[in-house]
Every structure is written in structure tokens, then in C-alpha cells.
Amino acid sequence: MILSVDARPYTDQTLGTSGLRKPVPHIMQPHYVELFMQSVFDVVDVAGATLVLGGDGRFFNDRAIQTILKMAVANRVSHVVVGRGGLLSTPAASALIRARKAKAGIILSASHNPGGPDGDFGIKINAAHGGPIPVSVSDAIHQRSRTCDRYQILAGDDFSLAEEGRRHVEGCLVEVVDSVRDYVGLMETLFDFDRIGDLFRSGFTMRFDAMNAVTGPYATELFHRRLGLPEASLMNQVPKPDFGGLHPDPNPHHAAALVDMVAGRSEVDFGAASDGDGDRNLIVGRGLVVSPSDSLAVIAANARLVPGYRQGLAGVARSMPTSRALDRVAASLGIPAHVTPTGWKYFANLLEAGLITICGEESAGTGSDHVREKDGLWAVMMWLAILAERRLSVADILADHWRTYGRDYYQRLDFEEVDAGAAEELMDSLRRRLPTLAGTRAGAFEVVEAGDFAYTDPVDGSVATKQGVQIISGDARIIYRLSGTGTRGATLRVYLERFEPSAERHHLPTSEALAAVRDTAMAMAEVTRFTGRTTASVVS
Ligand code: VG1
Ligand code: CO
């Protein structure tokens, strides 16, 4: 039986950089998920459509997925493809949307944010191309949610998601699929598994940290069962609703155990980790953590060594705050390098139009045209494939890269949970001073260009403004922007970058190489005066 339920609309269902994201107690308010999903179903017009549904297994994943399934049936969706146990990584969901020609995908995740009853929950909506919906659609969903006061839902028992299978309910086919199989099949089309297996057989050692999140089952199948990595080389590979208390953000701060083992004590050759929903990656070598911006540049420079990319790259793209290391590779390959605002939706358009093959962000998201999302395990596979071909250490691959292109020292400072009003004031104050900043000097830093990043999408013509304040001084660059994924107060991100052409100066600790840029960045925006902070909460 289909019920029609009346409820009072919520007015705060805005979609940020990556969908709806809220603290768990907030999202568990009566009818909150239901009204949001009804708005999605109304805007996307799902009657008769195929949908893909799954999540990263965090607290409330199991409840939300039942609600959404029952609402999908009530809204006359004709086919729902759902991951077994309610699990799907973000890149696996993207692949399934494309393979099944679904109209949309619903991914239950707050990505790299902590989980558990006091953590965060999120709902990401993807389009038929497999990537995040464009801003025009997320705006329409938010608009609809402001007045949506009734939703349709199937009354009855929960669906069993424990085993693969198909069930028809009220004209809707609910199909539970293996969450991993299709994804690993896709990896097989891109990589030479035997060559990577040879690398492991040669004595090369690795640790992969799934951070108790969704990539555990994927990593077990891919690295252990298919490529022969010993199971003991996998860490935290069983998904847990609270991520075992870990914060599943693969950066040196939150993946400290892995970083200490590989980069600190040099106990293994290669370490990698991914985030809550499996779209980010961290790459670590003996004695060093690879900066995500460098990782992107190395992957692009070496892509032709990998079977899936033998024919070369159509173009590449990075988000504006990502370091310019990628641009140097593109210039040397003679291919276009696009610069987009933060968030994968912009890349999705470029990928869809065939303008780029590989793209990435400084926040440890890297991906290619095999899906329309960033893909953590794909990035790890790219590194393994490159290491298998070149048989150099991670440190030597980087040193060689920097010798060829120069080194872009890079660091991101996150000031988390600062007062939202104060953060806005800081940005407003900077924006007001932009016209007068060019030509000013702060120590060695002479401002050549100062602006607020705006982007016109070459594919759909949409315009995004106020995407981050960028201050450029020849070889150095400072960027300020506010996070669109935080759920408590505001998070100010300050990005620091300096190009160093000379190989003799490629071995400085990053914080030392960027000390002067950091001091300038703190002073120019008066970070301490506005936020009360002298140091960042997280440095990555
Ligand atoms: C952050 C990152 C951004 C990334 C986004 C979604 O956004 O900086 O690069 O695309 O998270 O990642 P923000 O607005 O907080 O800086 V995830 O792994 O949600 O899917
Ligand atoms: Co993520």
C-alpha cells in the first residue's frame, strides 16, 4: 500500500560541494530524509526510470536506504539497482549508473566526514552521466524542498539486502547486486593485472588502509584476491558504521598510523588509503607522503605506461586550488589543461564532452574518463601500474618528476569549526581589498594578480562565481576559500604554493619551503584577527 504523508517543509536542505550533508541528529529529524528525497524525485522526475542506490555503510545508511527504496517504489520508479548490504563506493556507483543506463544515482555518504551517531550523514545525487548533478539541478532541488510538504512511501516490511536477487514490488523491480564485481571488471579493462601481480611477487611491499569505510571489500577483492597482495597488508578493511572511531579522510593527519609506518619508519615500499566513500586516495612512499597535486601530475605524465591510456590523453583538468604541477605536464605533452572550481561536477562535464581524460583535486581526488567521479582505488592502481613498469621507488619517481618539470611545493591549511560570520567577514574583507592588492608587496611576495575565481563551463555555458580568492606572485600563489562540505561552523581553507625550478632545492621539508608564503597568507587575510586562530586544525 502506498501512503501519502503530510509534513512541514524544512528550509535548510541546501546542497553544498557534494550534496546534502548534515550532522546525524539533524538528518534523523522526523520526515527530514523523506521530504528531501521527495524533492529529488520531483525534480529528477523518476517515474518509469532506473535508479542506482548505495552508500558507504556509515551509521544510518541502513535506515535511510530502506526509506529511499520504499519511496522509490511509491514514486513509480521502474527499476532500482542497489548494492548488496546497501554498500556502493562513489566510483562504483558512477560505473553502475553508466552501465545500467540509470537516470540518476543516490549515494548515501558524507564522504571524508566522521560517522557514527554524533558524526555526519549525507546524500549525494548523481546524474545519468554518472557524475554529480550540475548546480542548476541542485538549486532546483533546494527550491522544491522549501515547499515540499507531502511525500509518497510504500507501507510494509523492509527489503532484504543481504543477498543478490530481484524482487518485484508494486511494479518496481528491486535488484540487489554485488557491490564489487562490476567495478573490478572495469579495472580489468584498464590495467594489466599480471604485471601488477609480478610487482608484488618481486617482493614489493604495500599497506592499504580502508579506514573502516567502504573500500574494504573492494580492496580485498582487487589487491588480495586478484593481485595476490597478502591479506595482512590490508588495514581496517571491514566497513563499520562509525568507522571504528576513525576520521576517514586520507590525509597525513587522519591516516597517521599508515603514514608513520610507511613514510616515517620506512617499513614498507608503498602505502595507500581512501576515504569514507572511496573516491579519494592518499599515496605514501618510503620516507615521504606524496602531495595529491604531485600525484595527479605524476599520473598524467606516466599515463601512457598503463594499457587503458596507451593512446594518450585528450586533455587534463585540475581544480583552481590544486597546484600548477599538472599544467607543466600538459604543456610538455602539448595537450590542454583546464582549470575548474572545486567539486567534481565541473570535471564531469569536461569528461563527458571528451575534452579531458584525467583530472584531479588537491584534496586527494583523482580520476579519469572511466567513470564520472573521482576514484581512490583507481589512483592506487595507476601508481601500482607505474611502479610495476618503472621499477623505481616512489621517492625516485618523484625526484625524477621534479627534475624534469620543477617542483611545486604545496600545502593546505584548514581552519575548522571557526565562527561562520567571522569567516564570511574575512572573505568579504579580502574581496573588498582585491582591487588595491595588485602591485603591493609583503616581504618577498609581490602581488602580481589578485582575483576572485570565476568559471564559465565550456560545455553548458553555466557560470560559477566567487569560487575562491587567488593571490598570485609569479612563482608563488595563495588561495582562500570556505569549505562547502563542513557541517559545523565554517571551515576556512588556505592553500599555499611555490614553484622551485632548481633540483638542488627540491629536498626541503614542505613547511620550510613555504614558510614565507604561509606568513604572508596569514597576514594578508588577517586570519588570526578574524578567526582567533594562530595555527591550522589540519595541515595536508
Ligand atoms: C572538499 C574538497 C573538494 C572535494 C569535496 C568533495 O570540498 O576540498 O576538493 O571535491 O570536498 O569531496 P570543500 O568545499 O569542503 O573544500 V568528497 O570526497 O565529498 O566526495
Ligand atoms: Co569522498
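Counting starts at 1 for both ligands and their atoms, following the listed order.
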May I ask you to list the protein N, O or S atoms found at less than 2.8 Å from the Co ion (ligand 2)? Ser111 OG, Asp275 OD2, Asp277 OD1, Asp279 OD1
Shortest reach to atom 19 (O) of ligand 1 by a heavy atom, considering only Lys374, Glu373, Arg21: Arg21
For a quick test of your reading: what N or O donor-acceptor pairs under 3.5 Å do the side chains of residues 253-260 make, sequence neighbours left out?
from: His254; atom 1: NE2; to: His247; atom 2: ND1; distance (Å): 3.3
from: Asp260; atom 1: OD2; to: Arg265; atom 2: NE; distance (Å): 3.1
from: Asp260; atom 1: OD2; to: Arg265; atom 2: NH2; distance (Å): 3.0

The single option from Leu350, Val316, Thr366, Leu351 passing side chain to side chain contact (heavy atoms under 4.5 Å, CB included) against Cys359: Leu351
Sort out for me which residue in Leu229, Val238, Val180, Leu234 forms a side chain to side chain contact (heavy atoms under 4.5 Å, CB included) with Thr220. Leu234
Is [X] in contact with ligand 1, taking contact as a heavy-atom separation below 4.0 Å?
X: Gly343; result: yes
X: Lys124; result: yes
X: Lys345; result: no

Any N/O pair Thr342/ligand 1 closer than 3.5 Å: no
Do Arg328's NZ or CZ and the ring of Phe499 fall within the cation-pi criteria of under 6.0 Å and 45°? yes
Where is the nearest protein heavy atom to atom 7 (O) of ligand 1: which residue, which atom, and how far? Thr485 CG2, 3.5 Å
When the ring planes of Tyr495 and Tyr410 are compared, do they come out parallel, tilted or perpendicular, using 30° and 60° as the limits? tilted
Phe121/Phe59 aromatic ring centres below 6.0 Å: no
